[in-house]
Amino acid sequence: MAKTYDLTNGSPAKLIMKFFFPMFFTNMLQQIYTIADTAIVGKGLGDNQLAAVGNMSSLTFLIVGFSIGLTNGFSIMTAQYFGAGNKKNLRQCVAASAVLAFSITAVLTLLSIIFLRPVLVLLQTPESIISDSLIYGYIIFGGLAANIAYNLCASILRALGDSKTPFYAIIVSTITNIIFDFVFVFGLKTGVEGPAAVTVMSQLVSAVICFARIRKIEILQLSKDDFRNTLSMAGNLLKNGIPMAAMNSITAVGCMTVQYFVNGMGVVYTSAYSACSKYINLFMQPACTAGYTMSSFTSQNCGAEKYDRIVSGLKVCLSVAAVSYVILGSVMVFFSKELASFMLNGPEQISLASIYLVRCGIMIFAVDFLFVFRSGCQGMGKPFLPMISGVLEMIMRVLVIALFIGKIGFAAAAYAEIAAWCAALAINVYAFVYFIRKKTKHDKREFHHFALRKLII
């Protein structure tokens, strides 16, 4: 039988770093094959096809981000039951998570396919790329079940402290993706449908690997009884899952609004924005992984009622985010032109992307720290204020891009991101301090002394 990993005993730093690195490499590999997809499309098919695929990014995040938030929300309860040693509720939780996830998948798949064209038109998608965007979108959304299957299985494994299996799954998936991308684009001379089909196939491969691992975990050997009377369990899961899913989707709406204004400037700007979005997603991955680690660590320790360890975990995860900022923020600032040239061909696109990357590179620490504090709140089973922060992110993106794009042009897209990150960070720092103080039941003076000692010493 496969092992599980207890995060409630032992050195927080050692446990977190042991959990972090496999998950970090998992996320980086996912982003690398996304970057590889983009580079292969851009270099193999052209900037217009790159714009068509990139134009789908915010819309894909709207749908896929909702499902990821949902499964991550479900895993909070899974980790809490595991940390508390409640095996019966743990199995019922996993059973209810599976039923809910795939029921919602069916609805999301249908709606995304039906409304794809109207939404692309609403986003002012240039006529020259809308056909390729539709082809790419229909395939990606048609294969949504593969994506959700992987995310559900991976989130269950991480809730039980296993970050290695999703890593192994993504290694296989990434190799599969890159090889077949080359075969379809350069060998078979397909259009954007080739990379889209390969993406779905790769996600299915990773889902199968993670599911095979789950089948070997003794405490997750589900019976028919675990699927009965899951209504109350489903309700509790949705209380965590829906706010986290909604937060992702609300954030995506803000990104889609930025995409709308950028598309209105022309396909050159759409191409530059698409490349920049890929790099932002890549360079925030170490901090994003620290956030996911914080979520699993917090969830298990919250279930075990070991709240002092949560603050110790916060210190470690913030340190990881700070190191990430220093290294990767510097790369974005000092090598912006080289990064842009890797994906783009036209000199105007490269110049625009370089400007964007420098500005975001200076301020990316805000989103790095945001991931950690937000995940800490969610891990304590408190998703509401993080969801509100998602609303504020959306508002800031919309306000900044609408007010300044006419005055400063494409640079407004970068400032819209920065404003959204800073606003959301402020809310989540407040929320974490409030909730941990409530959990530890210290009075205000005692808590601040306690938190300062844990975070600084």
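Along the sequence shown, residues carry numbers from 1. Bear in mind that the values here come from a model prediction, so they are computed numbers and not experimental data.
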Peer 1: With rounding to the nearest 0.5 Å, note down the distance linking OG1 in T257 to CD1 in I401.
Peer 2: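 These two atoms lie 9.5 Å from each other.
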
Peer 1: Might you work through the side-chain contact (heavy atoms from CB on, under 4.5 Å) test for M265 and Y273, ending with a clear yes or no?
Peer 2: CA-CA 11 Å; M265 300 177 75; Y273 183 68; over 6 Å; no

Peer 1: Could you grab the distance from atom CD1 of I364 to atom CD1 of I280, nearest 0.5 Å is fine?
Peer 2: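 If I round to the nearest 0.5 Å, the distance is 5.0 Å.
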
Peer 1: Could you pull out the closest heavy-atom pair between W421 and A366, with the gap in Å?
Peer 2: CB-CB, 3.8 Å

Peer 1: Just to verify, what does Q80 make a side-chain hydrogen bond (donor to acceptor under 3.5 Å, both in side chains) with, not counting sequence neighbours?
Peer 2: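 Per chain and number, Q80 pairs via side-chain hydrogen bond (donor to acceptor under 3.5 Å, both in side chains) with no residue.
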
Peer 1: Is it the case that the side chain of E393 and the backbone of A423 share a donor-acceptor pair, with hydrogens and angles ignored and the cut-off at 3.5 Å?
Peer 2: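 No, E393 side chain to A423 backbone: no donor-acceptor pair under 3.5 Å.
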
Peer 1: If you round to the nearest 0.5 Å, how far is OG1 of T199 from CD1 of I139?
Peer 2: 9.5 Å

Peer 1: Is there a donor-acceptor contact under 3.5 Å linking the side chains of N263 and T270?
Peer 2: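 A donor-acceptor contact under 3.5 Å links the two side chains.
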
Peer 1: Hey, mind stepping through T71 and S97 against side-chain contact (heavy atoms from CB on, under 4.5 Å) and telling me if it holds?
Peer 2: CA-CA 8 Å; T71 54; S97 296; over 6 Å; no

Peer 1: What distance do E193 atom CD and D132 atom CG have between them, rounded to the nearest 0.5 Å?
Peer 2: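 Going from CD on E193 over to CG on D132, the span is 8.0 Å.
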
Peer 1: Under 6.0 Å from the CZ atom of F115, do we count more than 12 heavy atoms belonging to anything else shown?
Peer 2: no

Peer 1: Check step by step if side-chain contact (heavy atoms from CB on, under 4.5 Å) holds for Q285 and C288.
Peer 2: CA-CA 5 Å; Q285 284 310 304; C288 181; 4.3 Å; yes

Peer 1: Which residues pass the ring pair (Phe, Tyr, Trp, His ring centres under 6.0 Å) test with F369, sequence neighbours left out?
Peer 2: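 For F369 there are no ring pair (Phe, Tyr, Trp, His ring centres under 6.0 Å) partners, ignoring immediate neighbours.
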
Peer 1: Evaluate whether atom CZ of F19 has more than 12 neighbouring non-hydrogen atoms of other residues, nucleotides or ligands under 6.0 angstrom away.
Peer 2: yes

Peer 1: Does the side chain of F297 come within less than 4.5 Å of P12's, by heavy atoms?
Peer 2: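 Yes, their side chains come closer than 4.5 Å.
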
Peer 1: Compare every heavy atom of A101 with every heavy atom of L152, then report the nearest pair and how far apart it is.
Peer 2: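 In terms of heavy atoms, the two residues are closest at CD2-CB, 4.0 Å.
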
Peer 1: List in chain and number order the residues that pass ring pair (Phe, Tyr, Trp, His ring centres under 6.0 Å) with F167, two or more places apart in sequence or in another chain; answer none if no residue qualifies.
Peer 2: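 With sequence neighbours excluded, F167 shows a ring pair (Phe, Tyr, Trp, His ring centres under 6.0 Å) to F25, given in chain and number order.
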
Peer 1: Taking the side chain as every heavy atom from C-beta outward, state whether Y168 and P22 have any atom pair closer than 4.5 Å.
Peer 2: no

Peer 1: Could you measure the distance from the CD1 atom of I135 to the CD1 atom of I140? Nearest 0.5 Å is fine.
Peer 2: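 Rounded to the nearest 0.5 Å, the CD1-CD1 separation comes to 13.0 Å.
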
Peer 1: What are the two closest non-hydrogen atoms of G390 and T251, and how far apart are they?
Peer 2: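 So the minimum-distance heavy-atom pair works out to CA-OG1, 4.1 Å.
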
Peer 1: Not counting sequence neighbours, list each pair that qualifies as a salt bridge (charged side-chain N to carboxylate O under 4.0 Å, His left out) and has a residue in residues 90-109.
Peer 2: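 Listed by first then second residue: R91-D226.
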
Peer 1: Give me the one residue out of I16, T293, L15 that meets side-chain contact (heavy atoms from CB on, under 4.5 Å) with V316.
Peer 2: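 The single option meeting the side-chain contact (heavy atoms from CB on, under 4.5 Å) with V316 is I16.
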
Peer 1: Does Q378 reach the side chain of N72, with side-chain heavy atoms less than 4.5 Å apart?
Peer 2: no

Peer 1: With a 3.5 Å cut-off and no angle check, do the side chains of S389 and N428 form a donor-acceptor pair?
Peer 2: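 Their side chains do contain a donor-acceptor pair, which is all the 3.5 Å distance test asks for.
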
Peer 1: Hey, mind stepping through C377 and L385 against side-chain contact (heavy atoms from CB on, under 4.5 Å) and telling me if it holds?
Peer 2: CA-CA 8 Å; C377 295; L385 277 179; over 6 Å; no

Peer 1: More than 12 heavy atoms of other residues, nucleotides or ligands under 6.0 Å from NZ of K18: yes or no?
Peer 2: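 12 or below, so no.
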
Peer 1: How close do Q203 and N147 get, heavy atom to heavy atom, and via which atoms?
Peer 2: NE2-ND2, 3.0 Å

Peer 1: Among all residues two or more places apart in sequence or in another chain, which pass the ring pair (Phe, Tyr, Trp, His ring centres under 6.0 Å) test with F182?
Peer 2: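 With neighbours one apart ignored, the set is F186.
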
Peer 1: Does the side chain of M294 reach to within under 4.5 Å of the side chain of L318, using non-hydrogen atoms?
Peer 2: no

Peer 1: Given F141, which of I114, I113, V200 fulfils the side-chain contact (heavy atoms from CB on, under 4.5 Å) condition?
Peer 2: I113

Peer 1: Taking only residues two or more places apart in sequence or in another chain, which ones pass ring pair (Phe, Tyr, Trp, His ring centres under 6.0 Å) with F211?
Peer 2: none

Peer 1: Anything under 30° is parallel, anything over 60° is perpendicular, the rest tilted; go ahead and classify F21 against F24.
Peer 2: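 Rings of F21 and F24: perpendicular, over 60°.
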
Peer 1: For L344, does its backbone N or O pair with a side-chain atom of Q349 as donor and acceptor, under 3.5 Å?
Peer 2: no

Peer 1: Flag the pair M387 / M244 as yes when at least one side-chain heavy-atom distance between them is below 4.5 Å, and no otherwise.
Peer 2: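 They are not in side-chain contact.
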
Peer 1: Answer whether the closest heavy-atom distance between the side chains of I219 and L160 falls below 4.5 Å.
Peer 2: yes

Peer 1: Other residues, nucleotides and ligands only: do more than 12 of their heavy atoms fall within 6.0 Å of OH on Y292?
Peer 2: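 Check fails, neighbour count at 12 or below.
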
Peer 1: Within the structure provided, determine whether S75 and R158 are in side-chain contact (heavy-atom separation under 4.5 Å).
Peer 2: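 In short, these two side chains do not touch, never coming nearer than 4.5 Å.
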
Peer 1: Please report the shortest heavy-atom distance between G254 and R397, naming the atom on each side.
Peer 2: C-CD, 3.7 Å

Peer 1: Quick one: does Y81's side chain have a donor or acceptor within less than 3.5 Å of a partner on C93's backbone?
Peer 2: no

Peer 1: I63 versus F66: any side-chain heavy-atom pair under 4.5 Å?
Peer 2: no

Peer 1: Between atom CZ of F410 and atom OH of Y356, what is the distance when rounded to the nearest 0.5 Å?
Peer 2: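 That separation rounds to 7.0 Å.
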
Peer 1: Is the side chain of Q221 donor-acceptor paired with the backbone N or O of I217 at a distance under 3.5 Å, no angle test?
Peer 2: yes

Peer 1: Checking the side chain of S112 only, and the main-chain atoms of T109 only, is there a donor and an acceptor separated by less than 3.5 Å?
Peer 2: yes

Peer 1: Which pair of non-hydrogen atoms, one from G379 and one from T298, has the smallest distance, and what is that distance?
Peer 2: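 Looking at all heavy atoms of both residues, the shortest contact is C-CG2, 3.6 Å.
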
Peer 1: Checking the side chain of S173 only, and the main-chain atoms of S202 only, is there a donor and an acceptor separated by less than 3.5 Å?
Peer 2: yes

